[in-house]
Amino acid sequence: MIALEQADYSDAIVFADSLSRALGGRLEGGTRNVARRAGLATVLLSAIEALPGMPDFYFQAVGSGAGAIGVHEAARRLVEAGVGETPPRLMLCQNAAMAPLYDAWHGTRTRQAPLSAPPQVFAPELTNRHPPYGTRGGVRDCLVESAGDMLVADRTTADAARALFADLEHIDIEPAAAVAVACLRQSVADQTVPRDATVLLNITGGGRRRIAEQALLSPAAPVSVVPAADWRSGEPPVGLLRNCAVLQ
């Protein structure tokens with residue numbers, strides 16, 4: 001494992017791409033990888049097996065939006081196959097403290113995305129600073145086609161949602177999932193989502209606390225720590241490349 005000093009989620013993506021290129025690797029492609037999107041969409045396929053039909057709404061916390069795009073694409077294919085009449089409305093959720101997709105969708109972005117994620121962000125895994133919003137088939141197109149919306153939740157409401165989920169479902173959830181639960185709660189409270197609607201809520205992670213109660217967890221130690229000055233240069237350090245070449 002490689003750790004970057006003073007970096008955020010987007011910085012790690014850029015560095016991983018540069019390291020892969022330097023080692024002669026093939027980039028995975030991110031959101032543009034059709035296989036990745038199809039894999040992320042299996043959450044909808046699993047739900048369809050258990051539901052009487054297509055859900056009315058789909059809630060998920062997003063950084064890049066790859067999973068939501070994949071779900072929308074799968075929903076369109078299901079509709080074409082006769083499963084349901086319309087894809088679910090995409091209700092995509094982000095941190096209130098840093099919400100580039102929300103800002104772009106609602107037209108509230110008055111400046112470029114911040115250089116790094118602010119430290120008060122509740123769910124750092126949602127801090128992709130360069131999501132595929134305006135690209136063809138990207139987040140904007142999927143929101144328009146599904147009559148969806150972008151939502152945000154702050155730390156207080158997300159914390160409350162996480163506690164409520166643990167109380168009702170008896171399992172702890174990760175911060176990103178708590179953001180989605182908080183947005184769903186608010187959407188029901190303001191009647192955006194009718195109480196009799198069928199909702200697919202994607203809980204994108206959980207169970208860490210339960211596992212810790214049942215087993216001794218050992219945090220993964222980084223094999224190499226890259227100083228901020230080195231990864232910001234745009235080129236992987238020579239020493240790191242040597243180590244990676246040995247591991248190859």
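Starting from 1, each residue takes its place in the sequence as its number. Source: prediction; values computed, not measured.
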*Can Asn128 and His130 be said to form a side chain to side chain contact (heavy atoms under 4.5 Å, CB included), step by step?*
CA-CA 6 Å; Asn128 189 319; His130 308 289; 4.1 Å; yes
*Tell me, with the steps shown, if Thr86 and Val79 meet side chain to side chain contact (heavy atoms under 4.5 Å, CB included).*
CA-CA 6 Å; Thr86 58; Val79 169; 5.6 Å; no
Hydrophobic cluster identity match, [X] and [Y], side-chain contacts under 4.5 Å:
{"X": "Met150", "Y": "Val144", "answer": "yes"}
{"X": "Leu19", "Y": "Val225", "answer": "no"}
{"X": "Tyr9", "Y": "Val14", "answer": "no"}

In the hydrophobic cluster built from side-chain contacts under 4.5 Å, what are the other members alongside [X]?
{"X": "Leu126", "result": "Phe122, Val179"}
{"X": "Val193", "result": "Phe57, Phe59, Met91, Leu151, Phe165, Ile171, Ile173, Val181, Leu184, Val188, Val199, Leu201, Ile203"}
{"X": "Met1", "result": "none"}

Using side-chain heavy atoms (C-beta onward) and a distance below 4.5 Å, is [X] in contact with [Y]?
{"X": "Leu92", "Y": "Trp105", "answer": "no"}
{"X": "Met54", "Y": "Pro88", "answer": "yes"}
{"X": "Arg21", "Y": "Leu27", "answer": "yes"}
{"X": "Leu200", "Y": "Val71", "answer": "no"}

*Could you walk me through whether Asp190 and Thr192 pass side chain to side chain donor-acceptor pair (under 3.5 Å), step by step?*
CA-CA 6 Å; Asp190 63 22; Thr192 298; 2.7 Å; yes
Distance-minimising heavy-atom pair for [X] and [Y]:
{"X": "Ala68", "Y": "Tyr58", "answer": "CA-CE2, 4.4 Å"}
{"X": "Glu28", "Y": "Gly30", "answer": "OE1-N, 2.6 Å"}
{"X": "Ala228", "Y": "Gln6", "answer": "CB-OE1, 4.0 Å"}
{"X": "Pro236", "Y": "Ala22", "answer": "CG-CB, 4.2 Å"}
{"X": "Pro132", "Y": "Ile69", "answer": "CG-CD1, 4.3 Å"}

Closer than 3.5 angstrom, by distance alone: can the side chain of [X] be matched with the main-chain N or O of [Y] as a donor-acceptor pair?
{"X": "His72", "Y": "Pro87", "value": "no"}
{"X": "Ser46", "Y": "Val43", "value": "no"}
{"X": "Ser20", "Y": "Ala16", "value": "no"}
{"X": "Gln60", "Y": "Ala180", "value": "no"}

*Test log, rule side chain to side chain contact (heavy atoms under 4.5 Å, CB included), inputs Asp11 and Trp231*: CA-CA 9 Å; Asp11 297 326; Trp231 65 257; 3.5 Å; yes
*Assess whether side chain to side chain contact (heavy atoms under 4.5 Å, CB included) is satisfied between Asp8 and Val121, documenting all intermediate values.*
CA-CA 11 Å; Asp8 64 14; Val121 162; over 6 Å; no
According to salt bridge (charged side-chain N to carboxylate O under 4.0 Å, His left out), does anything in [range] pair up with another residue at least two apart or in another chain? List the pairs.
{"range": "residues 160-187", "value": "Asp159-Arg162, Glu174-Arg208"}
{"range": "residues 37-53", "value": "Arg37-Glu73"}
{"range": "residues 216-239", "value": "none"}
{"range": "residues 138-154", "value": "Arg76-Glu145"}

For [X], check side-chain contact (heavy atoms from CB on, under 4.5 Å) against everything at least two apart and list the hits.
{"X": "Leu168", "result": "Leu164"}
{"X": "Ala182", "result": "Ala153, Thr157, Ala161"}
{"X": "Ala66", "result": "Thr31, Leu40, Ser64"}
{"X": "Leu51", "result": "Ala47, Pro55, Thr198"}

*side chain to side chain donor-acceptor pair (under 3.5 Å) partners of residues 212-226, not counting sequence neighbours, each pair once*: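 Side chain to side chain donor-acceptor pair (under 3.5 Å) check on residues 212-226 returns no pairs.
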_Separation between CZ of Arg210 and NE2 of His170, rounded to the nearest 0.5 Å_ =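 If we round to the nearest 0.5 Å, Arg210:CZ and His170:NE2 are 9.5 Å apart.
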